[in-house]
Amino acid sequence: MKNIILSFAFLSIFSLKEESDLKCEDFHIGKFELVNKSNNRKYILERKQKSQTEESFDLKTGKNLGSKRVYNVKWINDCEYILLIDTLKSRFDETDIYINSNGGLKCKIVKIKNNSATITTSFEGNSVESVISKIN
């Protein structure tokens, strides 16, 4: 019984250490997944230091729902950044132009747990919270 309790304590401490190992900089570069059940889509994001590509897939069929979108990423600090659609590398519409001309989407990493980051994305006083998980 004593060994079981010690094993559990060790695993708990190890799990807490794992959660605190990742920091905002770990989400600057890499491959991430975002699942949005409200619109039945999964997004795969590939981020380099100053750019991000995004592909969307249907959650049920896994089918790709269109061409890649490319964003320019401007880091404000380690946990905050701005996304602007790259109009040279992506299809865009009037909404994208409007967002770009008004400062872009402001994103803030507000929580990190395990391999996931909770991000608040804001534009014109409206915000949406999403979770991205590091897959590479």
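Here the straight-line distance linking atom OG of Ser90 with atom CD of Glu54 works out to 9.0 Å at 0.5 Å rounding. Here the CD atom belonging to Glu55 is positioned 12.5 Å from the OH atom belonging to Tyr43, to the nearest 0.5 angstrom. Note that CG of Asn64 is 10.5 Å distant from CG of Asp58, once rounded to the nearest 0.5 Å. A distance of 4.5 Å separates OG1 of Thr53 from CD of Glu46, quoted to the nearest 0.5 Å. One distance of note links CG of Asn72 with CG of Asp86; it measures 4.5 Å at 0.5 Å rounding. In this structure, the separation between CG on Leu34 and OG on Ser130 is 4.5 Å, given to the nearest 0.5 Å.
The existence of a salt bridge linking Lys42 and Glu33 is confirmed by a sub-4.0 Å separation between a basic side-chain nitrogen and an acidic carboxylate oxygen. Arg69 and Asp96 are joined by a salt bridge, as a carboxylate oxygen and a charged side-chain nitrogen come within less than 4.0 angstrom of each other.
A side-chain contact (heavy atoms from CB on, under 4.5 Å) with Cys24 holds for exactly one of Val110, Asn77, Ile112; it is Ile112.
Side-chain contact between Phe57 and Ile44: present, with at least one pair of heavy atoms (C-beta onward) separated by less than 4.5 Å. Between Ile109 and Asp78 there is no side-chain heavy-atom pair separated by less than 4.5 Å. At a threshold of 4.5 Å between non-hydrogen side-chain atoms, the residues Arg41 and Leu65 count as touching. The side-chain heavy atoms of Glu80 and Lys106, taken from C-beta on, include no pair separated by under 4.5 Å. In this structure, Asn102 and Phe123 have side chains that are in contact, with non-hydrogen atoms separated by less than 4.5 Å. Annotation: side chain of Ile119 is not in contact with side chain of Val131 (no heavy-atom distance under 4.5 Å).
Hydrophobic clustering of Ile, Leu, Val, Met, Phe, Trp and Tyr side chains at less than 4.5 Å, counting indirect connections, unites Tyr71 with Ile99. Clustering ILVMFWY residues whenever any of their side-chain heavy atoms sit less than 4.5 angstrom apart, transitively, puts Trp75 in the very cluster that holds Ile85. Clustering ILVMFWY residues whenever any of their side-chain heavy atoms sit less than 4.5 angstrom apart, transitively, puts Ile82 in a cluster other than the one holding Leu45.
The shortest non-hydrogen separation linking Phe27 to Ile132 is CD2-CD1, 4.0 Å. The minimum heavy-atom distance linking Asp26 with Lys134 is given by the pair O-NZ, 2.7 Å.
A donor-acceptor pair is defined here as one N or O able to donate and one able to accept, closer than 3.5 Å; no such pair exists between the side chain of Ser51 and the backbone of Lys48.
In summary, the side chains of Ser116 and Asn114 do not present any donor paired with an acceptor at a separation below 3.5 Å, with no hydrogens or angles considered. Judged purely by distance below 3.5 Å, without hydrogens or angles, the side chains of Ser122 and Ser127 never pair a donor atom with an acceptor atom.
Atom NZ of Lys108 has 12 or fewer neighbouring heavy atoms from other residues, nucleotides or ligands inside a 6.0 Å radius. Within 6.0 Å of CD on Gln49 lie more than 12 heavy atoms contributed by other residues, nucleotides or ligands.
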Inset, instruction - Could you please spell out the steps behind the side chain to side chain contact (heavy atoms under 4.5 Å, CB included) verdict for Phe32 and Gln52? - result: CA-CA 10 Å; Phe32 308 94; Gln52 174 176 301; over 6 Å; no
Inset, instruction - Any chance you could lay out the side chain to side chain contact (heavy atoms under 4.5 Å, CB included) test for Arg47 and Tyr81, step after step, and finish with the verdict? - result: CA-CA 12 Å; Arg47 187 177 294 151; Tyr81 58 97; 3.2 Å; yes
